[in-house]
Structure formats: structure tokens, C-alpha cells
Amino acid sequence: MTVLRSLLFAPGSHPRKVEKVFDAGADAVILDLEDAVAFSEKEAVRTDVVAALQTPRVCLGYIRINALETDFGFDDLEICTAPGVDGLILPKVESPAELEKADWAMAAFEKRRGLAVGQVDLIPILETGRGIAAAREICSAAPARVRRISFGAADYTRDMGMVWTPSEHACEAARAELVLASRIAGIEPPIDSVWARLDDETGLITSSKRVMEMGFQGKFCIHPKQIAPVHAAFTPSAEEVAHARSVVEAFEQAEAAGSASIQIDGQFVDYPVVASARRTLARAEAADSTVEAST
């Protein structure tokens with residue numbers, strides 16, 4: 001298992017940026033056909049981004065297509081469900097029916113191209129009030145293909161008439177709902193929105209730590225310099241790993257002796273605390289697996 005701590009966007013219509021982005025150090029790269037590409041270029045760029053992902057690279061490669069309700073979305077889906085593409089990012093998802101439609105179509109395209117059904121991952125972005133309200137149904141709509149969902153704060157706050165401030169208080173309820181919906185559906189923790197203020201690394205670090213503590217597994221990035229702070233927030237430190245390991249080992253010894261609660265350095269430890277420690281170790285192992293898979 002791997003964990004997606006960072007997913008770095010690059011405009012699909014900029015060949016030089018596309019060429020360099022795979023070496024930036026992100027766990028995954030997203031070549032964008034939506035917001036970063038002018039309407040006049042959207043059709044021509046599709047085959048370019050697919051070709052870019054079919055070349056050797058050191059990280060996962062995704063394509064953000066246009067929303068299915070647009071004039072470009074379905075053709076994007078058809079052309080980009082292709083060999084070499086690890087997954088698609090589907091924006092503006094508001095209902096389970098959209099995912100069911102996309103899943104059905106992608107399965108047909110996979111069969112046509114000799115791919116296993118479900119091979120191309122699909123990550124929906126929930127970024128409207130309707131999308132957040134339908135999160136629990138959306139998470140369960142295509143279980144063989146949708147392994148995680150994601151959040152888009154900019155469009156969500158715009159849709160809701162909110163102000164997206166550095167505190168991000170307006171996003172708390174939506175984020176909590178996405179974590180809960182993912183847990184209920186039994187899929188991976190969600191991916192968080194970008195941090196749009198490139199000159200505010202402190203804010204990025206605060207935002208990343210906040211959503212990690214809420215239960216997110218990673219964050220969208222819009223610049224390579226955001227990757228290191230994001231990885232630091234979503235990867236347990238050596239001290240956290242050591243403490244978690246000591247908790248698990250001490251508890252297992254106590255449990256073997258017939259005790260289900262102990263104290264370690266003044267901390268009361270029982271089954272919930274041990275479960276949290278094991279989760280920390282699993283996160284660290286998943287982060288290591290992601291790094292190894294990309295080298």
C-alpha cells in the first residue's frame with residue numbers, strides 16, 4: 001500500500017513544466033486539463049498529456065479532466081483512460097450517478113485498450129455544497145475504482161458564498177464530512193485542497209498539520225516548493241515512530257501477562273491508545289512504501 005501525501009498539479013498545456021514536474025519529488029503528479037488550460041487548447045492537449053504519462057517517470061501520474069457536464073468532459077474521459085495513466089481526477093462531482101456513469105464508461109475504454117477493468121484510478125473532487133451533501137453516497141458509488149475522494153476549497157467556498165481565509169474556518173465542516181464519509185464507505189482517507197498562498201509557507205504547514213490531524217492522508221500542491229512542508233506534515237517523525245513502537249511493544253508484553261492497561265512515561269495506555277500508535281506506524285510504513293515505489 002502507498003499513501004498519497006502530495007499530488008502536484010502542472011498545466012498540461014506547458015510542455016516544459018510537464019517535462020520537469022515528474023522529478024519534483026511529489027508522490028503523484030497531476031497534469032491538468034481543466035482550470036490551467038484555455039478553452040481553445042483543451043482538445044489538442046489531451047493526447048499530449050497521455051503521451052507524457054507513457055514515458056518513464058519516478059512517481060504516479062494522474063490527469064485532471066474537465067467535469068463531465070462540460071463539452072470536454074466525456075471526450076477527456078475516453079482519451080485519457082489509457083495505458084500509462086495511473087488515474088483520473090474528476091472535478092465538480094455532485095452525485096453518485098456521475099461516478100457510476102464515469103466508472104461504466106471507463107470500464108468500456110479499458111476493455112477496448114486491453115487494460116484490466118478498474119486499472120485506471122478515479123479520484124473525484126467534491127467542491128460544491130451539493131457534492132459535500134452527497135459525500136456518503138459518492139464514496140460508495142464505484143467501490144472498485146474510487147479508492148479515495150478529495151476536497152476543493154476554492155470552488156467550495158465560492159459556491160457557498162463563504163470567504164476562504166487563512167484560518168480556513170469555513171472549510172472545517174466540509175472536511176470533517178469527507179473524512180467521515182470515507183470512513184463509513186471503507187475507502188482510504190481523503191486528499192485535501194491546495195494551499196493557494198504561495199508566499200505563506202507557515203500557513204501551508206499549519207493547514208497541512210490541521211487536516212492531517214482531522215484524518216486526511218495528503219494534500220494537493222500547486223508548486224514544487226510546497227512538497228517538502230506537506231511531506232513533513234503527513235509523515236510521522238522519527239520521534240513519533242519510536243514512541244509509537246515503544247507503546248505497542250510495552251502493551252503487547254503487558255497484554256501477554258494479562259493486563260490491558262498500563263502507564264508509559266505518565267501516559268495511560270489501553271486499547272484505543274495502542275490502536276492510535278499502530279496507525280502511526282502504518283502511516284510511516286506507507287510513506288516509506290511510496291518513496292520506495294518511486295525510486
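Quick caveat, the model's predicted, so the values are computed rather than measured.
- With hydrogens and angles ignored, the 3.5 Å screen pairs a side-chain donor or acceptor of Arg57 with a backbone N or O of Cys59.
- The CZ atom of Phe268 sits 4.5 Å away from atom CG of Asp270, with the distance rounded to the nearest 0.5 Å.
- Separation of the Phe216 and Phe234 ring centroids does not fall under the 6.0 Å cut-off.
- Contact check on Arg112 versus Glu78 returns a salt bridge, with a Lys/Arg side-chain nitrogen under 4.0 Å from an Asp/Glu carboxylate oxygen.
- Distance check, rounded to the nearest 0.5 Å: CD of Glu34 to CD1 of Ile125 gives 6.5 Å.
- A donor atom on one side chain and an acceptor atom on the other are found under 3.5 Å apart for Glu94 and Thr128.
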- Task: Could you give me the CA-CA distance, side-chain angles and deciding distance for Asp76 and Arg64, then say whether salt bridge (charged side-chain N to carboxylate O under 4.0 Å, His left out) is met?
- Result: CA-CA 9 Å; Asp76 287 350; Arg64 179 167 70 172; over 6 Å; no
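- Thr55 contributes a side-chain N or O that, together with a main-chain N or O of Ala52, makes up a donor-acceptor pair within less than 3.5 Å.
- A donor-acceptor pair under 3.5 Å links the side-chain atoms of Glu110 to the main chain of Gly118, judged by distance alone.
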- Message: Leu8 vs Val21, test: side-chain contact (heavy atoms from CB on, under 4.5 Å). Steps then yes/no.
- Response: CA-CA 8 Å; Leu8 176 62; Val21 72; 3.5 Å; yes
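- Atom CD of Gln267 sits in a crowded spot, with more than 12 heavy atoms from other residues, nucleotides or ligands closer than 6.0 Å.
- The closest donor-acceptor contact from the side chain of Trp195 to the backbone of Gln226 lies at 3.5 Å or more, if one exists at all.
- Looking at Asn66, its side chain never comes within 3.5 Å of a backbone N or O of Phe72 through a donor-acceptor pair.
- Distance OG1/Thr202 to CG/Asp200: 6.0 Å, rounded to 0.5 Å.
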- Given Arg183 and Val179, is the side-chain contact (heavy atoms from CB on, under 4.5 Å) satisfied, shown in steps? CA-CA 6 Å; Arg183 184 71 182 97; Val179 173; 5.6 Å; no
- Task: Evaluate the side-chain hydrogen bond (donor to acceptor under 3.5 Å, both in side chains) criterion for residues Thr81 and Arg113: first the C-alpha distance (whole Å), next the side-chain angles of each, then the deciding distance (0.1 Å), finally the verdict.
- Result: CA-CA 9 Å; Thr81 304; Arg113 291 165 183 151; 5.3 Å; no
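- By the criterion of side-chain heavy atoms lying less than 4.5 angstrom apart, applied directly or through intervening Ile, Leu, Val, Met, Phe, Trp or Tyr residues, Ile79 is grouped together with Leu68 in one hydrophobic cluster.
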- Message: Between Phe251 and Tyr271, is the ring-ring contact (aromatic ring centres under 6.0 Å, His included) condition met? List the steps.
- Response: CA-CA 9 Å; Phe251 188 82; Tyr271 284 112; 5.1 Å; yes
- Step-by-step side-chain contact (heavy atoms from CB on, under 4.5 Å) determination, Ile184 to Cys139: CA-CA 8 Å; Ile184 292 171; Cys139 283; over 6 Å; no
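- Of the possible polar contacts, one joining the Glu98 side chain to the Ser95 backbone as a donor-acceptor pair under 3.5 Å is found.
- Annotation: the span from Asp75 atom CG to Leu33 atom CG amounts to 11.5 Å, rounded to 0.5 Å.
- The pair Lys92-Asp155 meets the salt-bridge criterion, since a charged nitrogen lies less than 4.0 angstrom from a carboxylate oxygen.
- Between the side chains of His169 and Glu172, a donor-acceptor pair is found at a separation under 3.5 Å.
- By the rule that hydrophobic residues join a cluster once side-chain heavy atoms approach within less than 4.5 Å of another member, Leu60 and Leu90 end up as members of separate clusters.
- Formation of a donor-acceptor pair under 3.5 Å by the Ser259 side chain with backbone atoms of Glu255 is not found in this model.
- For the pair Thr157/Cys171, a side-chain contact is recorded, criterion being any heavy-atom separation below 4.5 Å from C-beta on.
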- Task: Before giving the answer on side-chain contact (heavy atoms from CB on, under 4.5 Å), spell out for Val85 and Ile63 the whole-Å C-alpha distance, their side-chain angles and the decisive distance to 0.1 Å.
- Result: CA-CA 8 Å; Val85 178; Ile63 299 171; 4.1 Å; yes
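- With hydrophobic clusters built from ILVMFWY side chains whose heavy atoms lie under 4.5 angstrom apart, Leu178 shares a cluster with Val146.
- Follow the hydrophobic side-chain contacts under 4.5 Å out from Phe220 and you reach Leu198 in the same cluster.
- No side-chain heavy atom of Arg148 sits less than 4.5 Å from a side-chain heavy atom of Pro189.
- Ion pair Glu100/Arg145 not flagged as a salt bridge, since none of the NZ, NE, NH1 or NH2 atoms sits closer than 4.0 Å to an Asp/Glu carboxylate oxygen.
- We find the CD-NE2 distance between Glu201 and His223 to be 11.5 Å, quoted to the nearest 0.5 Å.
- In this structure a side-chain-to-backbone donor-acceptor pair under 3.5 Å is present from Thr70 to Ala67.
- Within the 4.5 Å cutoff, no side-chain heavy atoms of Val120 are placed close to those of Leu122.
- With rounding to the nearest 0.5 angstrom, the CZ atom of Phe9 is 6.0 Å from the CG atom of Asp32.
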- Please report the C-alpha distance between Lys42 and Asp71 in whole Å, then the side-chain angles of each, then the deciding distance to 0.1 Å, and finally whether the salt bridge (charged side-chain N to carboxylate O under 4.0 Å, His left out) criterion is met. CA-CA 10 Å; Lys42 286 184 184 289; Asp71 293 336; over 6 Å; no
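- Taking 4.5 Å as the limit, every side-chain heavy atom of Leu7 sits out of range of all side-chain heavy atoms of Cys221.
- By the 4.5 Å heavy-atom criterion applied to side chains, Val211 and Glu213 are not counted as neighbours.
- Under the 4.5 Å side-chain heavy-atom criterion for Ile, Leu, Val, Met, Phe, Trp and Tyr, Val241 and Val248 are members of the same hydrophobic cluster.
- Between Phe109 and Phe74, the ring planes are perpendicular. Angles over 60° get that label, and only those under 30° would be called parallel.
- Side-chain atoms of Ser150 come within 3.5 Å of backbone N or O of Pro124 as a donor-acceptor pair.
- With hydrogens and angles left out, the side-chain atoms of Ser182 and Glu188 include no donor and acceptor closer than 3.5 Å.
- The backbone N or O of Arg5 lies less than 3.5 Å from a partner atom in the side chain of Asp27, making a donor-acceptor pair.
- Taking 4.0 Å as the cut-off between side-chain N and carboxylate O, Asp159 and Arg130 do not count as a salt-bridged pair.
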- Start with the C-alpha distance between Arg136 and Glu177, add both sets of side-chain angles, then the distance that settles salt bridge (charged side-chain N to carboxylate O under 4.0 Å, His left out), and finish with yes or no. CA-CA 8 Å; Arg136 302 184 192 189; Glu177 178 59 24; 2.7 Å; yes
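- Ile191 has its side chain out of reach of Lys219: every pair of non-hydrogen atoms, C-beta onward, lies at least 4.5 Å apart.
- Using a 4.5 Å cut-off on side-chain heavy atoms (C-beta onward), Ile132 and Tyr156 make contact.
- Looking only at side-chain heavy atoms (C-beta outward), Tyr62 and Leu88 stay at 4.5 Å or farther from each other.
- A salt bridge links Glu168 with Arg175: the closest approach of a Lys/Arg side-chain nitrogen to an acidic carboxylate oxygen falls below 4.0 angstrom.
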